[in-house]
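Below: one structure, written as structure tokens.
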Amino acid sequence: MVTEYSAVERHRAARWKLSTPTLPDDARRPAPYVGKTGSASNATYPFCLPARYATLSLLPEVRDVALSLFDELGIPWHAGIEGGPSNHLLSSQVQCVNALGQMVHDPDRIVRAFNPVVDTVEVLEIEPGRFLTFEYIGDVDYLGEAKDGKRVRGSHCTSVDAAFLHRTGDGATELVLVEWKYTESYGPRRINTAQDATRWKRYGEALSDPGGPVRLDLLDFTDLVDEPLYQLVRQQLLAHALETDRAHGADRVRVMHVLPPQNTAHQASLRRDTQLAVGASVSEVWHRLLRRPDRFMSLDPAVFLDAEITSDEYVARYAEAA
């Protein structure tokens, strides 16, 4: 089902595709969507690029840095094509990279974007030569998710879309884990008892810790593994483990959730009566589940509609039409 917000964003993407000087004319035609399996849809869409031009969904100012970083770190693109990004112009992963890609090597952009929210005094390297990185999972498998002793960033383990390290006005070293949403929303999950048992075996000990980040007295585990709560829970567990371990020398680790307020379908993703008894929206439920609400914050991506933070082309692609 296409939500009202997704329909608006599809129209915006199609308009950008026809007008931007960053695309050749052949890339402007409607194209099939190439899904996660590599199969193309029968229908063609104005908000998809022809597969051969998928890399052009990354804006020119971030394209080379992003492709190189993802290749070096072995990060898969969501529904990627031939080692590059998706050809769907509403990819949240691509939007995140387009917004934050220049920050990998430019800490001043991190300050301009995030200082009003997190009180940045100094940006520190999070990886050698990088002030921001993508699909961050940490160096230690705190949650026991490795298969055959290996984890892949951004695939089948708890990760966040981006992360940066900074020093704040109170003198603390803080690690910020950024999760980026665009048009995502979620429907009811069919309960799978065996799968839930496997998940409890993996995360149950961390969730049961009385000093852990998530309360277990308001919802049963079955309710917590509905999306988007399941992802929020796992990311908060990761943040708590990183802070406990003082990863990167961090005194504090916080999750920053980037979500457009216009995406009301995302907030309405929880449907069970037990969940709605806790709160009327995803945000209300989640904040009541947090033992330390200060370790989680929300950010309106409108912040990035500023060419001094991103670029003129980013603003042209994602902003409301004048």
Using the benzene-type ring in the case of Trp, are the ring centres of His88 and Phe47 under 6.0 Å apart?
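Ring centres of Phe47 and His88 closer than 6.0 Å.
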Hey, does the side chain of [X] reach the backbone of [Y] with a donor-acceptor pair shorter than 3.5 angstrom?
| X | Y | result |
| --- | --- | --- |
| His257 | Leu299 | no |
| Ser19 | Arg15 | yes |
| Ser311 | Ala307 | no |
| Asn192 | Ala194 | yes |
| Arg153 | Leu73 | no |
| Ser91 | Asn87 | no |
| Arg28 | Leu18 | yes |

Decide if atom [atom1] of [X] counts as having more than 12 heavy atoms of other residues, nucleotides or ligands within a radius under 6.0 Å.
| X | atom1 | result |
| --- | --- | --- |
| Asp148 | CG | no |
| Asp312 | CG | no |
| Glu125 | CD | yes |
| Asp273 | CG | no |
| Asp294 | CG | yes |
| Glu122 | CD | yes |

Distance-only donor-acceptor check, side chains [X] and [Y], under 3.5 Å:
| X | Y | value |
| --- | --- | --- |
| Thr120 | His166 | yes |
| Tyr53 | Asp26 | yes |
| Gln95 | Lys181 | no |
| Thr168 | Asp119 | no |
| Arg317 | Ser57 | yes |
| Gln235 | Thr158 | no |
| Trp77 | Gln93 | no |
| Asp306 | Tyr314 | no |
| Glu313 | Thr20 | yes |
| Glu9 | Tyr182 | yes |
| Tyr142 | Asp245 | yes |
| Gln102 | Thr310 | no |
| Thr44 | Arg29 | no |

Would a 4.5 Å heavy-atom cut-off, applied to side chains only, mark [X] and [Y] as touching?
| X | Y | result |
| --- | --- | --- |
| Asp141 | Glu145 | yes |
| Arg254 | Met297 | yes |
| Thr22 | Trp16 | yes |
| Glu179 | Met256 | no |
| Leu242 | Tyr136 | yes |
| Asp209 | Glu205 | no |
| Asp251 | Glu174 | no |
| Leu58 | Leu56 | no |

Note: [X]-[Y] ion pair, threshold 4.0 Å (strictly below):
| X | Y | value |
| --- | --- | --- |
| Glu72 | Arg130 | yes |
| Arg252 | Asp170 | yes |
| Arg189 | Asp196 | yes |

After noting the C-alpha distance and the side-chain angles of Lys17 and Leu89, does the key distance pass the side-chain contact (heavy atoms from CB on, under 4.5 Å) rule?
CA-CA 9 Å; Lys17 181 179 165 185; Leu89 292 176; 4.1 Å; yes
I'd like to know whether Phe304 forms a ring pair (Phe, Tyr, Trp, His ring centres under 6.0 Å) with Trp180, so could you lay out the CA-CA distance, the side-chain angles of the two residues, the decisive distance to 0.1 Å, and finally the verdict.
CA-CA 12 Å; Phe304 302 96; Trp180 193 284; 5.1 Å; yes
If Ile, Leu, Val, Met, Phe, Trp and Tyr residues are connected whenever their side-chain heavy atoms lie under 4.5 Å apart, and connections chain through other members, are [X] and [Y] in the same group?
| X | Y | result |
| --- | --- | --- |
| Val62 | Leu90 | yes |
| Leu124 | Phe114 | no |
| Val315 | Val8 | no |
| Val303 | Val160 | no |
| Val258 | Tyr186 | no |

In Å and rounded to the nearest 0.5 Å, what is the [atom1] to [atom2] distance from [X] to [Y]?
| X | Y | atom1 | atom2 | value |
| --- | --- | --- | --- | --- |
| Leu238 | Tyr203 | CG | OH | 10.0 Å |
| Phe164 | Ile110 | CZ | CD1 | 6.0 Å |
| Arg234 | Leu237 | CZ | CG | 9.5 Å |
| Leu207 | Gln236 | CG | CD | 11.0 Å |

Chi angles and distances behind the side-chain contact (heavy atoms from CB on, under 4.5 Å) call for Thr3, His266
CA-CA 10 Å; Thr3 66; His266 184 280; over 6 Å; no
Using the side-chain contact (heavy atoms from CB on, under 4.5 Å) rule, take Gln275 and Leu219 through it: C-alpha gap first, then chi angles, then the decisive distance, then the call.
CA-CA 7 Å; Gln275 295 162 340; Leu219 289 174; 4.3 Å; yes
Under the ring pair (Phe, Tyr, Trp, His ring centres under 6.0 Å) criterion, do His287 and Phe296 qualify, and how do the steps go?
CA-CA 8 Å; His287 278 279; Phe296 181 88; 5.6 Å; yes
Begin from the C-alpha positions of Glu320 and Arg12 and carry the test salt bridge (Lys or Arg N to Asp or Glu O under 4.0 Å) through to its verdict.
CA-CA 8 Å; Glu320 296 282 349; Arg12 189 193 318 283; 3.5 Å; yes
What do the steps show when you test Arg295 against Glu243 for side-chain contact (heavy atoms from CB on, under 4.5 Å), and what is the final call?
CA-CA 10 Å; Arg295 292 303 192 262; Glu243 181 172 323; 2.9 Å; yes
